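Structure record follows, encoded as structure tokens.
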Amino acid sequence: MLDDRERDELRRIQRRLRDEDPDFTESFHSDARHLPRRAPDLSRRTYTVLLAISSTSCLIMMAAGSPFIALLFAGLAAWVWYARAHPYEHDQ
């Protein structure tokens, strides 16, 4: 967060840039600002390791008699499975 003095200085710099070269400041209003966000690129190996760990943890918790925690690990495994199958989908 900027304090008031820094915010004022930033406004002065923006004004000066806008006055000196209007085309430069207009170039920032392009569609580049609206590019879709992507999830971090995790390798397929990372998803596979996460899937194996969460599935194994689910089985261990079921054997230990903790069905609620096993259900949480199963949900994590399902989410990792989905994220592995659909790596580039995003909210619009």
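Predicted model only: the values in this text are computed from it and were never measured.
- Summarising the geometry, atom CZ belonging to Phe73 is positioned 11.0 Å from atom CG belonging to Leu59; distances are rounded to the nearest 0.5 Å.
- Follow the hydrophobic side-chain contacts under 4.5 Å out from Met62 and you never reach Ile69; the two are in separate clusters.
- For Ala77, the side-chain contact (heavy atoms from CB on, under 4.5 Å) criterion is met by Leu51, Ser54, Ser55, not counting sequence neighbours.
- Other members of the cluster containing Ile53 are Val49, with ILVMFWY side chains joined at under 4.5 Å, either directly or via other members.
- Going from atom CZ of Arg11 over to atom CD of Glu6 covers 12.0 Å, rounded to the nearest 0.5 Å.
- Using a 4.0 Å cut-off between a side-chain N of Lys or Arg and a carboxylate O of Asp or Glu, Asp19 and Arg16 do not qualify as a salt bridge.
- Using a 4.0 Å cut-off between a side-chain N of Lys or Arg and a carboxylate O of Asp or Glu, Arg7 and Asp4 qualify as a salt bridge.
- Distance check: Tyr47 OH to Trp79 CH2 gives 6.0 Å after rounding to the nearest 0.5 Å.
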Quiz prompt | Criterion salt bridge (Lys or Arg N to Asp or Glu O under 4.0 Å) on Arg5 and Asp8, from CA distance to verdict | solution = CA-CA 5 Å; Arg5 184 184 56 79; Asp8 290 339; over 6 Å; no
